[in-house]
Asker: 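Can you read through this structure? Questions will come right after.
In what follows, chains carry the letters A, B, and so on, assigned in the order in which the sequence lines appear, proteins first and then strands, with residues in each chain numbered from 1. It should be emphasised that the depicted structure is a prediction, and the values quoted were computed from it without experimental measurement.
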Amino acid sequence: MSCTDCRPLPREFYLQDTVRAARSILGKVLVHRTEDGVLSGRIVEAEAYTSNDPSCHACKGMTKRNAPMFGPPGHAYVYFTYGMYHCFNAVTAPEGVGEAVLIRAVEPLEGIDLMIRNRGTDVLTNLASGPGKLCMAFGLGREQNTLDLTGSDLMIVDDGFVPGEIVTSTRIGIRLAADYPWRFYLRGNPHVSRK
DNA sequence: ACATCGATCTACT
DNA sequence: GTAGATCGATGTA
């Protein structure tokens with residue numbers, strides 16, 4: 001399956017309620033066209049971050065870092081964290097409202113050799129099973145921040161795949177609002193960051 | 001200016 | 001299970 005067979009998710013997809021978007025983005029395919037080849041993977045885990053959510057980067061207003069979250073929906077928000085990792089989000093909600101869906105894990109599809117090189121491991125279930133790993137595998141960093149996911153070298157497309165059972169859980173790695181059930185993943189999928 | 005800490009990952013015990 | 005890596009963004013002074 002090549003990305004040219006698929007359509008990017010339309011802008012309206014990113015305008016639905018952010019928690020619903022986090023759930024319904026599961027099964028879609030993240031595609032990154034790079035100079036070294038096309039990388040793609042099926043999204044198997046995601047989390048919602050909303051404007052009134054204490055753990056959301058944007059909850060206290062716009063800053064230099066979180067500005068992309070307040071931009072138009074359907075764009076990328078890539079941020080640097082822990083001094084060495086990046087995390088990739090799809091911006092949701094109308095322009096001016098800071099919300100996004102954190103893509104936490106994908107199941108590698110195309111460009112697996114390149115992902116193996118980028119990650120320094122050949123264990124398939126360890127290539128993109130976490131937000132930092134995913135960005136390393138896909139070569140996502142500052143350059144991809146704010147890219148338009150509905151039509152650029154970085155896209156999220158629908159290839160017609162219908163997910164099976166979706167598990168709901170609390171989000172990972174946050175202190176505030178730790179009880180919000182805003183993490184979603186595909187039951188039994190070996191590429192998620194945690195069961 | 002300075003101190004704190006993070007939507008993480010790896011290696012080690 | 002726990003510690004260490006590593007640094008930019010952010011808040012406080």
Asker: With rounding to whole Å, what would you report as the distance between C:dT6 and B:dC2 at their P atoms?
Answerer: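 The same atom, P, in both gives a distance of 23 Å.
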Asker: Measuring to OP1 and OP2 of B:dT10, would you say a side-chain N or O of A:R119 lies under 4.0 angstrom away?
Answerer: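 The answer is yes; a side-chain N or O of A:R119 sits under 4.0 Å from OP1 or OP2.
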Asker: Please work out if A:I174 contacts a base, only the sugar-phosphate, or nothing of the nucleic acid, heavy-atom cut-off 4.0 Å.
Answerer: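 If one applies the 4.0 Å heavy-atom cut-off, A:I174 turns out to touch the sugar-phosphate alone, with no base involved.
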Asker: CZ of A:R183 versus P of B:dT8: gap in Å, rounded?
Answerer: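 After rounding, the gap between these two atoms is 11 Å.
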Asker: Does A:R187 come within less than 4.0 Å of A:E165, counting only side-chain N to carboxylate O?
Answerer: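 Looking at A:E165 together with A:R187, the answer is yes, because their closest N to O distance falls below 4.0 Å.
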Asker: Measure from the ring center of A:F138 to the ring center of A:H32 and say whether it is less than 6.0 Å.
Answerer: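 No; A:H32 has its ring centre 6.0 Å or more from that of A:F138.
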Asker: Go through DNA chain C and write down every stem, that is, every run of at least three consecutive Watson-Crick or G-U wobble pairs with distances under 3.5 Å, as range with range.
Answerer: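 Only these stems qualify: B:1-6 with C:7-12, B:8-12 with C:1-5.
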Asker: Looking for any heavy atom pair under 4.0 Å, which part of the strands does A:R171 touch: base, sugar-phosphate only, or nothing?
Answerer: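 Answer is nothing: A:R171 stays at 4.0 Å or more from every strand.
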Asker: Take the protein atom CG of A:L127 and the nucleotide atom P of B:dC9, then report the distance between them rounded to whole Å.
Answerer: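 Rounded to the whole Å, the gap is 13 Å.
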Asker: To the nearest Å, give me how far apart CG (A:N145) and P (B:dA7) are.
Answerer: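 Distance check: A:N145 CG to B:dA7 P gives 16 Å.
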Asker: I want to know whether A:H57 and A:Y79 have ring centres closer than 6.0 Å.
Answerer: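 When the ring centroids of A:H57 and A:Y79 are compared, they turn out to be within the sub-6.0 Å range.
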Asker: Is there a residue in residues 82-97 of chain A whose heavy atoms reach under 4.0 Å of DNA chain B, and which residues are they?
Answerer: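 Residues of residues 82-97 of chain A under 4.0 Å from DNA chain B: A:Y82, A:G83, A:Y85, A:C87, A:N89.
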Asker: Stacking between A:Y79 and B:dA7, defined as ring centres under 5.5 angstrom apart with planes under 30°, is that present or not?
Answerer: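 Per 5.5 Å and 30° rule: no stacking.
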Asker: With a 4.0 Å limit, can you tell me whether A:T63 has a side-chain N or O closer than that to the phosphate oxygens OP1/OP2 of C:dA9?
Answerer: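 For C:dA9, OP1/OP2 do not have a side-chain N/O of A:T63 under 4.0 Å.
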Asker: May I have the step-by-step check of salt bridge (charged side-chain N to carboxylate O under 4.0 Å, His left out) for A:R104 and A:E45, ending in yes or no?
Answerer: CA-CA 5 Å; A:R104 287 192 53 90; A:E45 178 180 347; 2.7 Å; yes
Asker: Can you tell whether the side chains of A:R11 and A:D148 come within less than 4.0 Å, N to carboxylate O?
Answerer: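 Yes, charged N to carboxylate O under 4.0 Å.
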Asker: B:dG6 P sits how many Å from A:N66 CG, rounded?
Answerer: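 About 16 Å, once rounded to whole Å.
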Asker: Between P on B:dG6 and NE2 on A:H57, what's the gap in Å once rounded to a whole number?
Answerer: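 To the nearest whole Å, that distance equals 10 Å.
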Asker: Flag the pair A:D159 and A:R7 as a salt bridge only when some basic side-chain nitrogen lies within less than 4.0 angstrom of an acidic carboxylate oxygen.
Answerer: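 So A:D159 does not pair with A:R7 through a salt bridge.
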Asker: Decide if atom NZ of A:K195 counts as having more than 12 heavy atoms of other residues, nucleotides or ligands within a radius under 6.0 Å.
Answerer: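 Enclosed: over 12 neighbouring heavy atoms sit under 6.0 Å from NZ of A:K195.
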Asker: The side chain of A:R65 lies closest to which of these nucleotides: B:dT8, C:dA9, B:dT10?
Answerer: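 Taking heavy atoms from C-beta onward, the closest nucleotide is C:dA9.
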Asker: Taking atom CG of A:D36 and atom CZ of A:R33, what is their separation to the nearest 0.5 Å?
Answerer: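 Atom-to-atom, A:D36:CG and A:R33:CZ are 15.0 Å apart.
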Asker: Let me know the distance between CE of A:M62 and P of C:dA9, rounded to the nearest Å.
Answerer: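 Between P of C:dA9 and CE of A:M62: 16 Å.
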Asker: Output the rounded distance in Å from OH (A:Y185) to C1' (B:dA7).
Answerer: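 In whole Å, B:dA7 C1' lies 18 Å from A:Y185 OH.
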Asker: Looking only at side-chain N and O atoms, does A:R183 offer a donor or acceptor that is under 3.5 Å from a partner on A:T170?
Answerer: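 No, no side-chain donor-acceptor pair sits under 3.5 Å.
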Asker: Can you give each donor-acceptor pair under 3.5 Å made by side-chain atoms of residues 89-96 of chain A, sequence neighbours left out, with the distance rounded to 0.1 Å?
Answerer:
residue : atom : partner : partner atom : Å
A:N89   : ND2  : A:Y77   : O            : 3.2
A:T92   : OG1  : A:T18   : OG1          : 2.7
A:T92   : OG1  : A:A100  : N            : 3.4

Asker: If you look at every strand shown and take non-hydrogen atoms under 4.0 Å, does A:R142 touch a base, only sugar-phosphate, or nothing?
Answerer: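 Since only primed, P, OP1 and OP2 atoms lie under 4.0 Å of A:R142, the category is sugar-phosphate.
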Asker: Calculate the interatomic distance between A:L102 atom CG and B:dG6 atom P; express it in whole Å.
Answerer: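 From A:L102 CG to B:dG6 P: 16 Å.
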Asker: Looking only at side-chain N and O atoms, does A:R175 come under 4.0 Å of OP1 or OP2 in B:dA7?
Answerer: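 Indeed not, no polar side-chain atom of A:R175 lies that close.
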